[in-house]
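To start, the structure under review is shown below, and the notes come after it.
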Amino acid sequence: MSPPLLETRGLTAAYGQVRALFGIDLAVDAGECVAVIGANGAGKTTLMRAIAGVLPSAPASVLWRGEPIGHLPAERVLRRGIAM
């Protein structure tokens, strides 16, 4: 069985001292369509920024095809086809 196309494991993100995401686990397989919904301030944009490399995260907290990319800057994540 192949790994998910995109996966987050215990993803956290913060703006300075203010923590915005707390341990997000998400898996998206190839061919799936996923929607992230929630109220204003729920963390939707922060989640996307962390996945896209705009906000820093731990290396193994974001995986692309099983490869840790959480530590990569946005321009290197973009090369993998992940963008906002």
Side-chain angles (χ1 to χ4, degrees):
M1 186 164 135
S2 61
L5 185 64
L6 177 67
E7 184 176 9
T8 65
R9 295 181 181 169
L11 179 62
T12 61
Y15 295 100
Q17 297 295 318
V18 179
R19 204 154 165 201
L21 296 180
F22 300 85
I24 303 297
D25 294 328
L26 171 75
V28 181
D29 289 319
E32 281 189 315
C33 182
V34 175
V36 178
I37 59 173
N40 289 346
K44 302 175 298 291
T45 300
T46 302
L47 173 63
M48 297 301 118
R49 287 178 178 162
I51 290 171
V54 176
L55 288 176
S57 59
S61 64
V62 181
L63 297 104
W64 175 252
R65 299 178 188 258
E67 174 192 356
I69 63 166
H71 61 294
L72 298 178
E75 59 270 10
R76 292 195 50 205
V77 174
L78 177 61
R79 291 183 200 142
R80 288 159 174 79
I82 301 170
M84 290 183 63

To the nearest 0.5 Å, how far apart are [atom1] in [X] and [atom2] in [Y]?
| X | Y | atom1 | atom2 | answer |
| --- | --- | --- | --- | --- |
| Leu6 | Leu26 | CG | CG | 6.0 Å |
| Arg79 | Trp64 | CZ | CH2 | 15.5 Å |
| Arg49 | Ser57 | CZ | OG | 14.0 Å |
| Ile69 | Ile51 | CD1 | CD1 | 8.5 Å |

- Message: According to salt bridge (charged side-chain N to carboxylate O under 4.0 Å, His left out), does anything in residues 61-70 pair up with another residue at least two apart or in another chain? List the pairs.
- Response: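 Every salt bridge (charged side-chain N to carboxylate O under 4.0 Å, His left out) pair that includes a residue of residues 61-70, provided the two are not neighbours, is Glu67-Arg80.
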- Task: Could you list all the salt bridge (charged side-chain N to carboxylate O under 4.0 Å, His left out) pairs where at least one residue sits in residues 13-33, not counting sequence neighbours?
- Result: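 Checked against salt bridge (charged side-chain N to carboxylate O under 4.0 Å, His left out) - neighbours excluded - no pair reaches residues 13-33.
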[X] and [Y]: which non-hydrogen atoms are nearest, and at how many Å?
| X | Y | answer |
| --- | --- | --- |
| Ala50 | Val62 | O-CG2, 4.2 Å |
| Ala27 | Pro4 | CB-CG, 4.0 Å |
| Thr12 | Gly23 | CG2-N, 3.4 Å |
| Ala52 | Ile82 | CA-CG2, 4.2 Å |
| Gly43 | Leu21 | O-CD2, 3.7 Å |
| Ala13 | Thr46 | CB-CG2, 3.8 Å |

- If you group Ile, Leu, Val, Met, Phe, Trp and Tyr by side-chain heavy-atom gaps below 4.5 Å, do Val28 and Leu72 land in one group?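 Both belong to a single hydrophobic cluster.
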- Task: State yes or no: do Tyr15 and Met84 share one hydrophobic cluster built from I, L, V, M, F, W and Y residues joined by side-chain heavy-atom distances below 4.5 Å, directly or via other members?
- Result: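 They do not share one cluster, since no chain of ILVMFWY contacts under 4.5 Å joins Tyr15 to Met84.
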- Message: Are Val36 and Leu47 packed together at the side-chain level, in the sense that at least one heavy-atom pair is separated by less than 4.5 angstrom?
- Response: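 Result yes, sub-4.5 Å side-chain heavy-atom pair found.
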- Message: Closer than 3.5 angstrom, by distance alone: can the side chain of Thr8 be matched with the main-chain N or O of Ile24 as a donor-acceptor pair?
- Response: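 Yes, because the side chain of Thr8 sits within donor-acceptor range (under 3.5 Å) of the backbone of Ile24.
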